[in-house]
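Here the structure is a predicted model, which is why all the values come from computation and not from measurement. Chain letters run A, B, ... following the sequence lines, proteins first and then strands; every chain starts at 1.
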2 protein chains.
Amino acid sequence: MDIKKDQKEYLGALKSSGLKNTKHRCSLLEILFNESQPLNAEEIFFRIKEKTAEINLSTVYRNLEVLVNKGLVTKLTFPGDSKSLYEYNKMGHRHYIVCISCKKIMTIEHCPLQEYELSLEKETGFKINAHKLVMFGYCPECNKK
Amino acid sequence: MDIKKDQKEYLGALKSSGLKNTKHRCSLLEILFNESQPLNAEEIFFRIKEKTAEINLSTVYRNLEVLVNKGLVTKLTFPGDSKSLYEYNKMGHRHYIVCISCKKIMTIEHCPLQEYELSLEKETGFKINAHKLVMFGYCPECNKK
DNA sequence: TTGGATGCAAAAGTTTTGCACGGTT
DNA sequence: AACCGTGCAAAACTTTTGCATCCAA
């Protein structure tokens, strides 16, 4: 497989997390790394089959599980989708805006919740580690219709 | 079944949505109405079996589906839980704070995101209808350990 | 060489569905 | 009476697991 500049990041991450650099693992990471939308296991499975090599769906699930545990990949669930979604973890959390009509998912980098977390910690006594924010609406294209 | 004051709300909602007032549907709504935490289908199933009457799990699922479609109940999914959760829809959205350790879910009434939605609409071109915010952390009890 | 990675098949777990019967309006 | 709701069993669907084999370090 051709190793481009932008692939070094996840290859390094693989190595430093003690995981073997296998063909399947590598294509899986490449797909997620270059994808702006979270994908489900089956989508990843078909992409690897089409573009790279024959692979088994359980291999995809097993690799996703390992990569999630090592923190390289994040697992997501959205209401209305029975399948879990996965994305490359670019460090620094992100939020999502989902189109109710066409189901397109767009990523939002800015997070408005830092100060809110502090006030909520005081209010509830929780020690807050993370949060998940998803917005729902109609994307510009679907909104026209 | 004894009809108390606080049950009138969901009984009325049943009627005005054109759904039949059946024994199971009624106990299901009563359980969700009086519960502060979202419950999954199996938990609802066992509660009805214990407190009210024999019921089949598929009946629970079918009723939940109808009630979600009518907007009386909201369906939720949390990462790390393969089961969907359901709650009575009290109108006016709510947010959740989930304990990473004991999995307790607490509901937050205040929402800090009104202004943010407006700025995001301008930024993305989306027409935003709703959002979902979940906070994760350690509840006061688990935090002590 | 050795332990992890993979394919295959089967299992597990959640949710849905077909069909006959029963209950509400 | 008509239609919706229910129970039961089976199916569908996503995800996990056991086991034999293969491959990267």
- Item | B:Ser84 vs C:dT14: side-chain N/O to OP1/OP2 distance below 4.0 Å | no

- Given D:dA25, C:dT6, C:dT25, the nucleotide with the shortest approach to the side chain of B:Asn21: C:dT25

- Closest to the A:Ile55 side chain: C:dG7, D:dG7, C:dT15? C:dG7

- Query: Between C:dT15, C:dG3, D:dC8, which nucleotide gets closest to the side-chain atoms of A:Lys20?
  - Reply: C:dG3

- Note on the structure: Separation of D:dT21 atom C1' from A:His24 atom NE2, nearest Å, is 14 Å

- Measure from CZ on B:Phe45 to P on D:dT6 and round the result to the nearest Å. 14 Å

- Item | Spatial distance of atom CG (A:Asn129) from atom CZ (B:Phe136) [nearest 0.5 Å] | 10.5 Å

- Query: Does B:Thr22 put a side-chain nitrogen or oxygen below 4.0 Å from OP1 or OP2 of C:dT24?
  - Reply: no

- Task: Kindly say if B:Asn56 contacts the phosphate of D:dC8, meaning a side-chain N or O under 4.0 Å from OP1 or OP2.
- Result: yes

- Message: At less than 3.5 Å, do the side-chain atoms of A:Arg62 and the base atoms of C:dG7 form a donor-acceptor pair?
- Response: yes

- Quick one: does B:Glu43's side chain have a donor or acceptor within less than 3.5 Å of a partner on B:Asn40's backbone? yes

- Query: NZ of B:Lys15 versus P of C:dT25: gap in Å, rounded?
  - Reply: 8 Å

- Message: Looking only at the side chain of B:Asn63 (C-beta and beyond, no hydrogens), which of the listed nucleotides C:dT15, C:dG7, D:dT6 gets closest?
- Response: D:dT6

- Nearest-Å distance, NZ (B:Lys23) to C1' (C:dT24)? 13 Å

- Take the protein atom CD of B:Glu54 and the nucleotide atom P of D:dT6, then report the distance between them rounded to whole Å. 14 Å

- Task: Ignoring backbone atoms, establish whether A:Tyr61 has a side-chain N or O less than 4.0 Å from OP1 or OP2 of D:dT15.
- Result: yes

- Expressed in angstrom and rounded to an integer, what is the separation of A:Lys49 atom NZ from C:dG7 atom P? 11 Å

- Item | Nearest-Å distance for atom pair NZ/C1', residues A:Lys83 and D:dT15 | 12 Å

- Message: Distance check, rounded to the nearest 0.5 Å: B:Glu35 atom CD versus B:Ile44 atom CD1?
- Response: 9.5 Å

- Query: Taking CG from A:Leu57 and P from C:dA9, how many angstroms apart are they, rounded to a whole number?
  - Reply: 14 Å

- Would you kindly compare B:Gly18 and B:Ser58 by the position of their nearest DNA chain D nucleotide and give the one closer to the 5′ end? B:Gly18

- For B:Lys49, enumerate each residue passing the salt bridge (charged side-chain N to carboxylate O under 4.0 Å, His left out) test, keeping only those at least two apart in sequence or located in another chain. B:Glu54

Please tabulate, one pair per line, all N/O donor-acceptor pairs under 3.5 Å involving side-chain atoms of residues 70-82 of chain B, not counting sequence neighbours.
residue : atom : partner : partner atom : Å
B:Lys70 : NZ   : B:Ser17 : O            : 3.3
B:Asp81 : OD1  : B:Lys83 : N            : 3.0

